[in-house]
Amino acid sequence: MIIREIQDFSLSRIADSGQCFRMNRLDSGAYSIIAFGKYLEAKPLGDGRFAFSCTEEDFDKIWTDYFDLSSDYRVLNTLVPPDDTFLLAAINYGRGMRILNQDSWEVMVSFIISQRKSIPAIKTAIETMCVHFGTQMVFEGKTYFSFPSAGHIAGLSCSDIGCCSLGYRDKYVTAAAQSVARGDIRFEDLMEADEAAAKAALKTLYGIGEKVANCILLFGLHKSNAFPEDTWIKRIVDAEYAGNFPKTLYDGHLGIIQQYIFYYARSREYQKCRST
DNA sequence: TGCCAGGCTTCAC
DNA sequence: GTGAAGCATGGC
């Protein structure tokens with residue numbers, strides 16, 4: 001167990017932001033996170049202090065990068081025009097949000113599954129997949145399952161993964177697994193490639209279109225300027241920006257801007273604003 | 001019980 | 001190139 005003081009860091013907002021699906025609030029007030037085959041519990045202690053159930057070494061080697069703790073998110077405030085009250089409210093509402101640096105393969109599968117599914121349903125499907133096909137592990141007496149590898153999933157049929165409630169997406173998941181296992185898609189190459197080239201490569205995969213490709217770029221490949229446009233974002237862009245969001249103002253930061261908008265758009269706070 | 005969900009592919013035209 | 005239809009299933 002280690003204690004760290006971290007500014008602009010909200011576990012609850014990250015957990016509810018729809019970018020990760022294996023981070024859950026526990027009765028203790030801590031959050032469990034399963035990533036890169038590791039299990040972590042993180043608990044807010046107040047005054048910007050947090051407890052993490054890991055060693056100093058793991059925190060520095062794994063979790064600092066995972067939570068994107070080296071980035072300063074306050075710079076965004078200087079970019080927003082004062083008359084954009086919607087975005088200012090969204091950023092204020094989502095303060096402490098961060099873009100996690102997750103495992104590329106896990107992000108790819110998670111967002112293939114996400115299409116036309118609610119966030120609770122996505123979490124259920126992913127957890128079921130991990131229980132059936134991941135590796136069982138134990139941390140301080142708690143059993144958890146790692147995310148299954150591409151090689152493992154590539155060897156399964158659609159009927160094999162039928163237990164995971166993937167619906168018509170089962171064939172997309174197996175096809176993606178086979179592409180990754182064969183080496184047709186190499187994440188390390190995509191990280192090096194520019195955003196447009198990486199997106200084009202992702203969209204060659206069966207079941208990956210514009211939106212899912214953008215999610216993989218942003219959440220799985222560290223492309224901070226990717227801007228996934230789902231039904232929520234389109235709704236907001238239509239309602240608040242007359243169908244045309246000023247992307248050029250936020251060059252290099254579109255990913256986190258999109259995330260603030262998504263988080264705020266789904267909130268009761270914004271729904272209440274809209275109804276009055 | 002019915003509607004909707006962090007969309008994509010297929011098929012007309 | 002564009003737009004509509006069809007898609008599986010869970011959660012509220």
Side-chain angles (χ1 to χ4, degrees), chain A residues 12-25 90 93-94 97-100 102-132 156-179 185 199-221 223-241 243 245 247 254-268 270-271 274:
Chain A
S12 65
R13 287 172 185 165
I14 294 168
D16 294 336
S17 68
Q19 62 175 304
C20 58
F21 304 101
R22 302 198 75 198
M23 180 171 180
N24 295 298
R25 190 177 190 283
Y93 185 77
M97 176 81 67
R98 285 173 179 270
I99 301 291
L100 301 179
Q102 303 180 70
D103 175 70
S104 311
W105 160 243
E106 180 172 338
V107 168
M108 173 181 274
V109 175
S110 299
F111 282 95
I112 286 174
I113 291 173
S114 78
Q115 52 188 277
R116 280 179 65 83
K117 260 188 185 297
S118 64
I119 290 174
I122 299 165
K123 292 177 107 167
T124 300
I126 290 171
E127 207 52 41
T128 306
M129 183 177 256
C130 293
V131 169
H132 279 87
L156 302 173
S157 67
C158 287
S159 62
D160 290 332
I161 60 172
C163 56
C164 303
S165 305
L166 304 184
Y168 62 89
R169 309 163 195 78
D170 55 2
K171 53 190 180 293
Y172 301 159
V173 171
T174 53
Q178 287 159 11
S179 294
I185 287 286
K199 187 197 290 188
L202 290 169
K203 286 173 72 174
T204 63
L205 296 187
Y206 186 40
I208 296 184
E210 179 72 18
K211 190 269 172 179
V212 170
N214 272 309
C215 287
I216 299 168
L217 291 174
L218 179 60
F219 303 126
L221 292 169
K223 306 291 185 192
S224 60
N225 214 38
F227 191 81
E229 295 184 63
D230 72 330
T231 50
W232 289 96
I233 299 292
K234 284 174 183 161
R235 228 174 278 165
I236 291 294
V237 171
D238 285 344
E240 304 288 345
Y241 299 92
F245 184 74
K247 290 184 182 176
L254 278 170
I256 181 66
I257 291 288
Q258 174 277 156
Q259 201 58 20
Y260 283 128
I261 295 174
F262 178 78
Y263 183 71
Y264 186 49
R266 299 174 69 248
S267 70
R268 287 186 182 176
Y270 176 67
Q271 310 291 344
R274 289 288 294 168

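Note on naming: letters A, B, ... go to the chains in the order of the sequence lines (proteins, then strands), and numbering restarts at 1 for each one.
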Task: Under 5.5 Å and under 30°: A/Phe262 stacked on B/dG6 - done: yes
Open item on the list: Students often get this wrong, so: under 4.0 angstrom with heavy atoms, is A/Thr128 touching a base, only sugar-phosphate, or nothing?
Closed with: nothing
- [ ] Taking all heavy atoms of A/Lys199 and all of A/Ala213, pick out the closest pair and write down the distance.
- [x] CG-CB, 3.9 Å
TODO: Please list, by residue number, the residues of residues 161-169 of chain A whose heavy atoms come closer than 4.0 Å to an atom of DNA chain C; answer none if no residue qualifies.
DONE: A/Ser165, A/Gly167, A/Tyr168, A/Arg169
Open item on the list: Between C1' on B/dA5 and CD1 on A/Ile113, what's the gap in Å once rounded to a whole number?
Closed with: 14 Å
Open item on the list: Distance check needed: B/dG6 P versus A/Leu100 CG, whole Å only.
Closed with: 18 Å
Open item on the list: Would you say the rings of A/Tyr270 and A/Tyr93 are close, in the sense that their centroids are separated by under 6.0 Å?
Closed with: no
Open item on the list: Please classify the nucleic acid contact of A/Phe21 as base, sugar-phosphate, or nothing, using heavy-atom distances under 4.0 Å.
Closed with: nothing
Open item on the list: Say we look at B/dG6 and C/dA4: how far apart would their C1' atoms be, to the nearest angstrom?
Closed with: 22 Å
Task: Check: A/His132 and A/Asp160 side chains under 4.5 Å, non-hydrogen atoms - done: no
- [ ] When you get a sec, tell me which of C/dA8, B/dT9, C/dG11 is the closest nucleotide to the side chain of A/Arg116?
- [x] C/dA8
Task: Candidate nucleotides C/dG11, B/dT10, B/dG6, ranked by approach to the side chain of A/Pro228 - the nearest - done: B/dG6
- [ ] Could you check how far CD of A/Gln115 sits from C1' of C/dT9, rounded to whole Å?
- [x] 13 Å
TODO: May I ask you to check whether A/Phe21 and A/Phe111 place their ring centers less than 6.0 Å from one another?
DONE: yes
Task: Interatomic distance where CD1 belongs to A/Ile216 and P belongs to B/dG7 [whole Å] - done: 13 Å
TODO: Calculate the interatomic distance between A/Lys234 atom NZ and B/dC8 atom P; express it in whole Å.
DONE: 8 Å
- [ ] With C1' as the reference atom in both, quote the distance from C/dA8 to B/dG2 in angstrom, rounded to an integer.
- [x] 16 Å
Task: Whole-Å distance separating the CD atom of A/Glu210 from the P atom of B/dG6 - done: 19 Å
Open item on the list: Does A/Leu205 reach a base, just sugar-phosphate, or nothing at all? Heavy atoms under 4.0 Å.
Closed with: sugar-phosphate
TODO: Tell me which of A/Ile119 and A/Gly207 sits closer to the 5' end of DNA chain B, going by the nucleotide each one is nearest to.
DONE: A/Ile119
- [ ] For A/Lys203 and B/dG7, give me the distance from atom NZ to atom P, rounded to whole Å.
- [x] 15 Å
TODO: Quick one: list whatever passes side chain to side chain donor-acceptor pair (under 3.5 Å) with A/Lys247, sequence neighbours left out.
DONE: A/Glu229
TODO: Output yes when a side-chain donor or acceptor of A/Arg13 lies under 3.5 Å from a complementary backbone atom of A/Met97, and no otherwise.
DONE: no
Open item on the list: Please confirm whether the shortest side-chain N or O distance from A/Ser114 to OP1 or OP2 of B/dG7 is below 4.0 Å.
Closed with: no
- [ ] Output yes when a side-chain donor or acceptor of A/Gln259 lies under 3.5 Å from a complementary backbone atom of A/Ser17, and no otherwise.
- [x] yes
Task: Heavy-atom donor-acceptor pair, A/Glu229 side-chain to B/dG7 base, under 3.5 Å - done: no
- [ ] Please report the closest heavy-atom contact between A/Ile14 and A/Cys20, naming both atoms and the distance.
- [x] O-SG, 4.0 Å
Open item on the list: Closest approach to the side chain of A/Arg266, judged atom by atom: which nucleotide of B/dG6, B/dT10, C/dG11 is it?
Closed with: B/dG6
Task: Interatomic distance where CD1 belongs to A/Ile236 and C1' belongs to B/dG6 [whole Å] - done: 14 Å
Open item on the list: Mind checking if A/Ile122 touches a base, just sugar-phosphate, or nothing, with heavy atoms under 4.0 Å?
Closed with: nothing
Open item on the list: Closest approach to the side chain of A/Phe111, judged atom by atom: which nucleotide of C/dG10, B/dC8, B/dG6 is it?
Closed with: B/dG6
